[in-house]
Amino acid sequence: MEISEQEEAPSVIDRYYTRWYRTDLKGKSCEDHCVLQHSNRICVITLAESHPIIQNGSSIKSISYQISAGCSRLNNKVSGKSKRGGQFLTDFAPLCRVTCTDGNEYTIYSCIRGRLVEVNEDIITRPELLLEKPSTEGYIAVILPKFEESRSITEGLLSRQQYDEVVSKRASQPVSSQNHTDEG
């Protein structure tokens with residue numbers, strides 16, 4: 001099968017992953033996350049295209065996986081096929097905090113339940129990846145849902161079509177009705 005010059009072959013992400021979305025996380029307008037779900041259950045957490053960090057073209061000052069005094073996602077150690085030892089996350093567990101040079105701070109959440117397989121340490125030293133390549137090199141973390149929950153893990157998440165509808169509705173609303181600040 002030959003691909004014409006006008007058509008592009010689907011990216012690896014579009015070919016092997018299903019995109020799911022969680023919008024307005026913790027009631028914060030437009031703070032949308034994307035979950036890339038592979039057929040092998042692995043889920044990659046990224047920022048959705050509509051997240052203020054990407055939309056505003058923010059400059060990132062720092063990214064921290066230190067969630068609290070006693071909890072750093074960087075201390076996550078897994079072993080074996082079932083990823084034993086990985087931190088177990090609920091769907092609203094914070095993964096990291098992103099601080100922008102304009103003073104805005106955003107907390108990125110796991111969006112799904114499962115074991116933390118890895119965090120992307122590259123974005124700590126190269127935060128621009130979060131803006132330039134959010135679905136690939138700029139991912140936040142990789143999570144493995146429990147086998148028995150792998151089918152139901154996307155309940156509560158939006159499909160690409162549903163997400164596009166939410167973003168489209170937002171675009172038709174007056175800006176004053178949207179809250180773009182991150183308090184907390």
Side-chain angles (χ1 to χ4, degrees), residues 3 5-26 28-40 42-67 72-74 76 89 91 93-112 114 116-144 154 157-168 170-171 175 178-182 184:
I3 297 174
E5 289 180 38
Q6 286 91 14
E7 293 179 56
E8 281 187 40
S11 71
V12 170
I13 299 294
D14 292 333
R15 186 177 295 166
Y16 297 110
Y17 291 81
T18 303
R19 291 177 189 262
W20 297 96
Y21 296 88
R22 188 158 243 167
T23 57
D24 303 329
L25 249 93
K26 296 273 195 163
K28 295 179 180 170
S29 180
C30 302
E31 289 195 24
D32 305 337
H33 295 36
C34 178
V35 177
L36 301 172
Q37 184 184 38
H38 193 274
S39 58
N40 68 3
I42 284 280
C43 293
V44 179
I45 309 305
T46 69
L47 294 181
E49 308 89 272
S50 55
H51 196 285
I53 293 173
I54 295 174
Q55 281 300 305
N56 303 340
S58 302
S59 290
I60 299 170
K61 181 177 165 185
S62 66
I63 297 173
S64 174
Y65 284 104
Q66 187 74 40
I67 302 309
S72 172
R73 300 295 181 215
L74 293 173
N76 189 60
L89 305 172
D91 48 352
L95 290 171
C96 69
R97 290 198 176 78
V98 179
T99 304
C100 297
T101 53
D102 62 8
N104 284 326
E105 187 176 275
Y106 301 94
T107 300
I108 312 304
Y109 297 95
S110 62
C111 300
I112 59 170
L116 182 61
V117 175
E118 72 175 58
V119 295
N120 184 1
E121 293 185 43
D122 290 344
I123 62 173
I124 296 171
T125 54
R126 297 179 52 210
E128 67 277 4
L129 291 174
L130 209 55
L131 299 166
E132 296 166 5
K133 299 178 178 183
S135 294
T136 55
E137 295 170 58
Y139 73 96
I140 306 292
V142 177
I143 298 173
L144 180 64
T154 56
L157 299 179
L158 303 178
S159 68
R160 179 68 194 221
Q161 182 180 351
Q162 292 168 318
Y163 167 73
D164 287 342
E165 289 170 13
V166 167
V167 171
S168 170
R170 277 187 200 146
V175 174
Q178 295 178 14
N179 176 13
H180 290 285
T181 60
D182 185 17

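Starting from 1, each residue takes its place in the sequence as its number.
- The CD1 atom of Ile124 sits 7.5 Å away from atom OG of Ser64, with the distance rounded to the nearest 0.5 Å.
- Annotation for Pro127 and Ile63: closest pair CB-CD1, 3.8 Å, computed over non-hydrogen atoms.
- Under the 30°/60° scheme for interplanar angles, the aromatic rings of Tyr16 and His38 are found to lie parallel.
- With Arg22 as reference, Asp91 is the one residue of Leu158, Ile112, Asp91 to meet the side chain to side chain contact (heavy atoms under 4.5 Å, CB included) rule.
- Proximity of a side-chain donor or acceptor of Arg126 to a complementary backbone N or O of Gly138 within less than 3.5 Å is not detected.
- Across all non-hydrogen atoms, the minimal contact from Asp102 to Ser58 is OD2-OG, 4.4 Å.
- Taking the charged nitrogens against the carboxylate oxygens, Asp122 and Lys133 have no contact shorter than 4.0 Å, which rules out a salt bridge.
- Note that the CG atom of Asn56 and the SG atom of Cys30 stand 9.0 Å from one another [nearest 0.5 Å].
- Gln37 is not listed as a side-chain neighbour of Leu157, based on a closest heavy-atom distance of 4.5 Å or more.
- For Gln55 (side chain) and Glu49 (main-chain N/O), a donor-acceptor pair under 3.5 Å exists by modelled atom type.
- In this structure, Trp20 CH2 and Ser159 OG are separated by 6.5 Å, a value rounded to the nearest 0.5 Å.
- A donor-acceptor pair is defined here as one N or O able to donate and one able to accept, closer than 3.5 Å; such a pair exists between the side chain of Asn120 and the backbone of Glu137.
- The two residues Cys111 and Val35 make their nearest non-hydrogen contact at CB-CG2, 3.8 Å.
- Listed for the Asn40 side chain is a donor-acceptor partner under 3.5 Å among the backbone atoms of Ile42.
- At least one side-chain heavy atom of Pro134 sits under 4.5 Å from a side-chain heavy atom of Ile54.
- A 4.5 Å side-chain heavy-atom check between Thr46 and His33 finds every atom pair outside the cut-off.
- Remark: side-chain polar atoms of Asp32 are not paired, donor with acceptor, to backbone N or O of Ser50 under 3.5 angstrom.
- The local environment of CZ in Arg97 is crowded, with over 12 non-hydrogen atoms from other residues, nucleotides or ligands closer than 6.0 Å.
- Pairing each heavy atom of Ile60 with each of Leu131, the nearest pair is CD1-CG, 4.1 Å.
- In this structure, CD on Glu128 lies 8.0 Å from OG1 on Thr125, to the nearest 0.5 angstrom.
- Ring orientation note: the planes of His51 and Tyr106 are nearly perpendicular, at an angle over 60° on the 30°/60° scale.
- A 4.5 Å side-chain heavy-atom check between Ser135 and Arg19 finds at least one atom pair inside the cut-off.
- A pairwise comparison of heavy atoms in Tyr65 and Leu95 identifies CD2-O, 3.2 Å as the closest pair.
- Taken from SG in Cys100 to CD1 in Ile53, the straight-line distance is 5.0 Å, to the nearest 0.5 Å.
- Here OH of Tyr109 is found 13.0 Å from CD1 of Ile140. Values are rounded to the nearest 0.5 Å.
- Nearest heavy atom pair, residue Val44 against residue Tyr139, reads CG1-CB, 3.6 Å.
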